[in-house]
K.L.:
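The structure is given below, and queries will be raised subsequently.
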Amino acid sequence: ENQIGCDVLVDALVREDVDVVFAYPGGASMEIHQALTRQEDKITNVLCRHEQGEVFAAEGYAKVTGKVGVCIATSGPGATNL
């Protein structure tokens, strides 16, 4: 089966037992968010209101659960805010 990059990324997250991501959508990351919805039975996307909030949420999640905290942001200013 042919996959596009965003599906490969989300499959890799699922294989690594990531079940929660903290994300803020943007133009360059929209396909990733669409891929996340295709796997919503395996991975939960927590919609944050700012990229810096993602970092705090992911860090808190990691400290409390012992799992890896994952942030997803768009390119440019979104990535800078991480």
K.L.:
Nearest 0.5 Å please: distance from the OH atom of Tyr24 over to the SG atom of Cys48.
P.N.:
10.5 Å
K.L.:
So with a 6.0 Å cut-off around CG of Asn2, is the heavy-atom count from everything else above 12?
P.N.:
no
K.L.:
Could you check whether any side-chain heavy atom of Ile43 comes within less than 4.5 Å of a side-chain heavy atom of Val21, counting everything from C-beta outward?
P.N.:
yes
K.L.:
For Val70 and Val20, what are the C-alpha separation, side-chain angles and deciding distance, and is it a side-chain contact (heavy atoms from CB on, under 4.5 Å)?
P.N.:
CA-CA 7 Å; Val70 177; Val20 177; over 6 Å; no
K.L.:
Can you name the closest pair of heavy atoms from Gly78 and Ala73 and give their distance?
P.N.:
O-CB, 3.8 Å
K.L.:
Side chains of Pro25 and Leu47: does their closest heavy-atom pair fall under 4.5 Å?
P.N.:
yes
K.L.:
Quick check for you: to the nearest 0.5 Å, what is the distance between Lys67 atom NZ and Tyr61 atom OH?
P.N.:
4.0 Å
K.L.:
Just wondering, do Gln34 and Ser29 contact through their side chains at under 4.5 Å, heavy atoms?
P.N.:
no
K.L.:
Quick one: pull up CG in Leu82 and OG1 in Thr74 and give me the separation to the nearest 0.5 Å.
P.N.:
10.0 Å
K.L.:
Going from CZ on Arg38 to CG on Asp11, what distance comes out if it is rounded to the nearest 0.5 angstrom?
P.N.:
9.5 Å
K.L.:
With heavy-atom distances below 4.5 Å as the criterion, would you say the side chains of Ile72 and Asn45 are in contact?
P.N.:
no
K.L.:
Test Gln39 against every option in Asp7, Val14, Thr44 by the side-chain contact (heavy atoms from CB on, under 4.5 Å) rule and name the one that passes.
P.N.:
Val14
K.L.:
Roughly how far, to the nearest 0.5 Å, is CD of Glu31 from CG of Leu36?
P.N.:
12.0 Å
K.L.:
What distance do Leu9 atom CG and Ile4 atom CD1 have between them, rounded to the nearest 0.5 Å?
P.N.:
11.0 Å
